[in-house]
*Asks:* 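Input: one structure, supplied below.
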Amino acid sequence: LRMNDPPVLIGADVVKKALQFEKLVPVLEKALADVSSGKEGGVVQPLRTMMSLEKYSGFLGIMPAYSSTDDILATKLLTFYQQKTSSTIPSHQATVLLFDPSNGCLKAIMDGKVITDKRTAAVSAIATKFLKPTNLEVLCILGSGAQAYSHYEIFTEMFPFKEVRVWSRNRKSAEAFADSFPGDIQVCSSAKEAVVGADVIVTVTMATEPVLFGEWVKPGAHINGM
Ligand SMILES: NC(=O)C1=CN([C@@H]2O[C@H](COP(=O)(O)OP(=O)(O)OC[C@H]3O[C@@H](n4cnc5c(N)ncnc54)[C@H](OP(=O)(O)O)[C@@H]3O)[C@@H](O)[C@H]2O)C=CC1
Ligand SMILES: O=C(O)C1=NCCCC1
């Protein structure tokens, strides 16, 4: 791209093809290590700004970051809303803007919804890889929305679970989730039933009240709380 060229638009389908988990995981591991290395890692990532839209039970989040080692300047713009069950609009929508860090020119406008779904699940999987319990037999997913799908995909790709359980507020959502994958997924009638005995627990709901209680959790289990 030349300096004055308009930014490239990169839609969800193209992003989806580019973000295969086997490519994404090593890149994210390096990014996480760079962030953890402080100054040496060369990452500038101020705390995200989260603006509340109380009138609509929504939020607008702004998440800028610069990596000097990769020389990448980007920001994610995210909106998320407490949706009515009947809504067909995704609760979380996002766009990622990519800039030329040397002059501030906007280079690309990318679909950020797929990035959010896959990045979040990949980071949970990386955390699980490093903190995992000795046993990795039972995976429990609480919630059955976009994050549940992406977490299921990467967790079953990266780890040898023998049993996968899902619970969701609406049983029909959990059933639709289970039916959408060829693998066997046990739909549970309560969060407790899904959690008791699980080795890895993923909480991916929009609940504002607790759905997971400590007394259900097996000693040594790993929890990814979204
Ligand atoms: N930390 C991070 O980087 C990120 C965090 N998140 C968070 O992950 C969570 C899931 O996101 P996502 O999958 O995209 O959202 P979706 O809207 O796609 O799915 C939401 C899920 O939450 C359930 N749910 C909604 N309200 C309640 C409630 N009051 N009590 C119990 N369950 C409820 C729904 O269940 P049902 O369908 O059965 O009604 C549904 O399964 C959210 O909290 C989101 O903010 C998401 C992306 C990134
Ligand atoms: O994408 C992110 O980062 C999010 N953080 C918190 C709320 C939902 C999405």
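Atoms within a ligand are numbered from 1 in the order they appear, just like the ligands themselves.
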*Asks:* Closest non-hydrogen protein atom to atom 37 (O) of ligand 1, residue and atom name please, with distance?
*Replies:*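 Going atom by atom, the protein heavy atom closest to atom 37 (O) of ligand 1 ends up being Ser173 OG, 3.0 Å.
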*Asks:* Just grab all the side-chain hydrogen bond (donor to acceptor under 3.5 Å, both in side chains) pairs involving residues 201-220, residues at least two apart or on different chains.
*Replies:*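 Of all non-adjacent pairs touching residues 201-220, those that pass side-chain hydrogen bond (donor to acceptor under 3.5 Å, both in side chains) are Asp199-Lys218.
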*Asks:* Any idea which part of His92 is under 4.0 Å from ligand 1, heavy-atom wise: side chain, backbone, both or neither?
*Replies:*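 Within the 4.0 Å criterion, His92 contacts ligand 1 through side-chain atoms alone.
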*Asks:* Can you name the closest pair of heavy atoms from Ala198 and Ala221 and give their distance?
*Replies:*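 Distance-wise, the nearest heavy atoms are O-CB, 3.5 Å.
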*Asks:* Checking a contact table here: which protein heavy atom is nearest atom 11 (O) of ligand 1, and how many Å away?
*Replies:*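 Protein heavy atom at minimum distance: Gln147 CG, 3.6 Å.
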*Asks:* Closer than 4.0 angstrom: is that true for some heavy atom of Met226 and an atom of ligand 2?
*Replies:*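 Flag not set, Met226 not near ligand 2.
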*Asks:* Report, in ascending order of atom number, the atoms of ligand 2 lying under 4.0 Å from any heavy atom of Arg119.
*Replies:*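 Atoms satisfying the 4.0 Å criterion: 1 (O), 2 (C), 3 (O).
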*Asks:* May I ask you to identify the nearest protein heavy atom to atom 5 (N) of ligand 2, giving residue, atom name and distance to one decimal place in Å?
*Replies:*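 Minimum-distance protein heavy atom for atom 5 (N) of ligand 2 reads Arg48 NH1, 3.1 Å.
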*Asks:* So which protein heavy atom does atom 15 (O) of ligand 1 come closest to, and at what separation?
*Replies:*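 Here the nearest protein heavy atom works out to Ser91 OG, 3.4 Å.
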*Asks:* Give the single entry among Glu175, Arg169, Arg171, Glu209 that approaches atom 34 (C) of ligand 1 most closely by any heavy atom.
*Replies:*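 The option holding the nearest heavy atom is Arg169.
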*Asks:* Start with the C-alpha distance between Asp13 and Lys17, add both sets of side-chain angles, then the distance that settles salt bridge (charged side-chain N to carboxylate O under 4.0 Å, His left out), and finish with yes or no.
*Replies:* CA-CA 6 Å; Asp13 289 348; Lys17 268 196 201 133; over 6 Å; no
*Asks:* Do Lys16 and Asp111 pass the salt bridge (charged side-chain N to carboxylate O under 4.0 Å, His left out) test, and can you show the C-alpha distance, the side-chain angles, and the key distance before you say yes or no?
*Replies:* CA-CA 9 Å; Lys16 203 175 271 175; Asp111 176 274; over 6 Å; no
*Asks:* Should the proximity of Asp117 to ligand 1, defined as any heavy atom under 4.0 Å, be assigned to the side chain, the backbone, both, or neither?
*Replies:*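 Within the 4.0 Å criterion, Asp117 makes no contact with ligand 1.
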*Asks:* May I ask you to identify the nearest protein heavy atom to atom 39 (O) of ligand 1, giving residue, atom name and distance to one decimal place in Å?
*Replies:*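 For atom 39 (O) of ligand 1, the nearest protein heavy atom comes out as Asn170 ND2, 2.7 Å.
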*Asks:* Under 3.5 Å, is there a donor-acceptor pair between the side chain of Ser150 and the main chain of Asp117?
*Replies:*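 Indeed, once roles are kept as given, a pair shorter than 3.5 Å links the two residues.
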*Asks:* Looking at Ser189, is its backbone amide N or carbonyl O close enough to the side chain of Glu193 to form a donor-acceptor pair, meaning the two atoms are under 3.5 Å apart?
*Replies:*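 Looks like yes, one N/O pair under 3.5 Å.
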*Asks:* Has Arg165 got a side-chain atom pairing as donor or acceptor with Ala194's backbone, closer than 3.5 angstrom?
*Replies:*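 Side chain of Arg165 to backbone of Ala194, a donor-acceptor pair under 3.5 Å: yes, one is there.
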*Asks:* If only atom types and distance count, is the side chain of Asp100 paired as donor or acceptor with the main-chain N or O of Ser102 below 3.5 Å?
*Replies:*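 Indeed, once roles are kept as given, a pair shorter than 3.5 Å links the two residues.
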*Asks:* Gly143 heavy atoms, cut-off 4.0 Å: which ligand 1 atoms fall inside?
*Replies:*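 Atoms satisfying the 4.0 Å criterion: 41 (O).
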*Asks:* Does an N or O anywhere in Thr116 fall below 3.5 Å from an N or O of ligand 2?
*Replies:*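 The answer is no, given that Thr116 and ligand 2 share no N or O pair closer than 3.5 Å.
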*Asks:* Any nitrogen or oxygen of Arg48, main chain or side chain, under 3.5 Å from a nitrogen or oxygen of ligand 1?
*Replies:*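 There is no such contact.
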*Asks:* Please determine if Gly145 has a nitrogen or oxygen closer than 3.5 Å to a nitrogen or oxygen of ligand 1.
*Replies:*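 Gly145 vs ligand 1: N/O contact under 3.5 Å present.
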*Asks:* Donor-acceptor check, side chain of Asn103 to backbone of Cys105, threshold 3.5 angstrom: yes or no?
*Replies:*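 Yes, the answer is positive, given that a donor and an acceptor are paired below the 3.5 Å cut-off.
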*Asks:* Nearest to atom 7 (C) of ligand 1, what protein heavy atom do you find, and at what distance?
*Replies:*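 For atom 7 (C) of ligand 1, the nearest protein heavy atom comes out as Met226 O, 3.7 Å.
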*Asks:* I'd like to check whether Lys76 has a polar contact with ligand 2, where a contact means an N/O of the residue lying under 3.5 Å from an N/O of the ligand.
*Replies:*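 Lys76 vs ligand 2: N/O contact under 3.5 Å present.
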*Asks:* Could you check atom 24 (N) of ligand 1 against the protein and tell me its nearest heavy-atom contact, residue, atom and distance included?
*Replies:*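 Going by distance alone, atom 24 (N) of ligand 1 is nearest to Met206 N, 3.7 Å.
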*Asks:* Which part of Thr205 is near ligand 1, with near meaning a heavy atom under 4.0 Å away: side chain, backbone, both or neither?
*Replies:*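 Both backbone and side chain.
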*Asks:* Provide the closest heavy-atom pair for Lys113 versus His92 in the form atom of the first, atom of the second, distance.
*Replies:*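 What the structure gives for the nearest pair is CD-O, 3.1 Å.
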*Asks:* Decide whether the shortest distance between a heavy atom of Arg119 and an atom of ligand 1 is less than 4.0 Å.
*Replies:*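 Flag set, Arg119 near ligand 1.
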*Asks:* Which is closest to atom 30 (N) of ligand 1 in terms of heavy atoms, Ala207, Ser168, Ala146?
*Replies:*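 Nearest option to atom 30 (N) of ligand 1, by heavy atoms: Ala207.
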*Asks:* Whether Lys118 engages the ring of Phe21 as a cation-pi pair (distance to the six-membered ring centre under 6.0 angstrom, angle to the ring normal within 45°) should be assessed.
*Replies:*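 Yes, a cation-pi geometry holds between Lys118 and Phe21.
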*Asks:* Given 3.5 Å as the limit, does a donor-acceptor pair link the side chain of Ser68 with the main chain of Gly42, or not?
*Replies:*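 Between the backbone of Gly42 and the side chain of Ser68 there is a qualifying donor-acceptor contact (under 3.5 Å).
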*Asks:* Quick check on contacts: which atoms of ligand 1 are under 4.0 angstrom from a heavy atom of Thr116?
*Replies:*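 Under 4.0 Å from Thr116, ligand 1 has these atoms: 47 (C), 48 (C).
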*Asks:* Are any side-chain N or O atoms of Ser67 and backbone N or O atoms of Asp70, one a donor and one an acceptor, separated by less than 3.5 Å?
*Replies:*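 Yes: the side chain of Ser67 pairs with the backbone of Asp70.
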*Asks:* Against heavy atoms of Leu78, which atoms of ligand 2 measure under 4.0 Å?
*Replies:*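 In order of number, 4 (C), 8 (C), 9 (C).
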*Asks:* Near Phe80, which atoms of ligand 2 are under 4.0 Å from a heavy atom of that residue?
*Replies:*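 With Phe80 as reference, the close atoms of ligand 2 come out as 7 (C).
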*Asks:* Is Ser144 touching ligand 1 with its side chain, its backbone, both, or neither, if touching means heavy atoms under 4.0 Å apart?
*Replies:*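 Within the 4.0 Å criterion, Ser144 contacts ligand 1 through backbone and side-chain atoms alike.
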*Asks:* Would you confirm whether the ring centroid of Tyr81 sits within less than 6.0 angstrom of the ring centroid of Tyr56?
*Replies:*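 They do not qualify: ring centres at least 6.0 Å apart.
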*Asks:* I need the nearest protein heavy-atom contact for atom 2 (C) of ligand 1: residue, atom name and distance, please.
*Replies:*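 Nearest protein contact, heavy atoms only, for atom 2 (C) of ligand 1 is Thr120 CG2, 3.9 Å.
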*Asks:* Just by distance, no angles: are the side chains of Ser124 and His151 close enough, under 3.5 Å, to form a donor-acceptor pair?
*Replies:*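 Judged by distance alone, the side chains do pair up.
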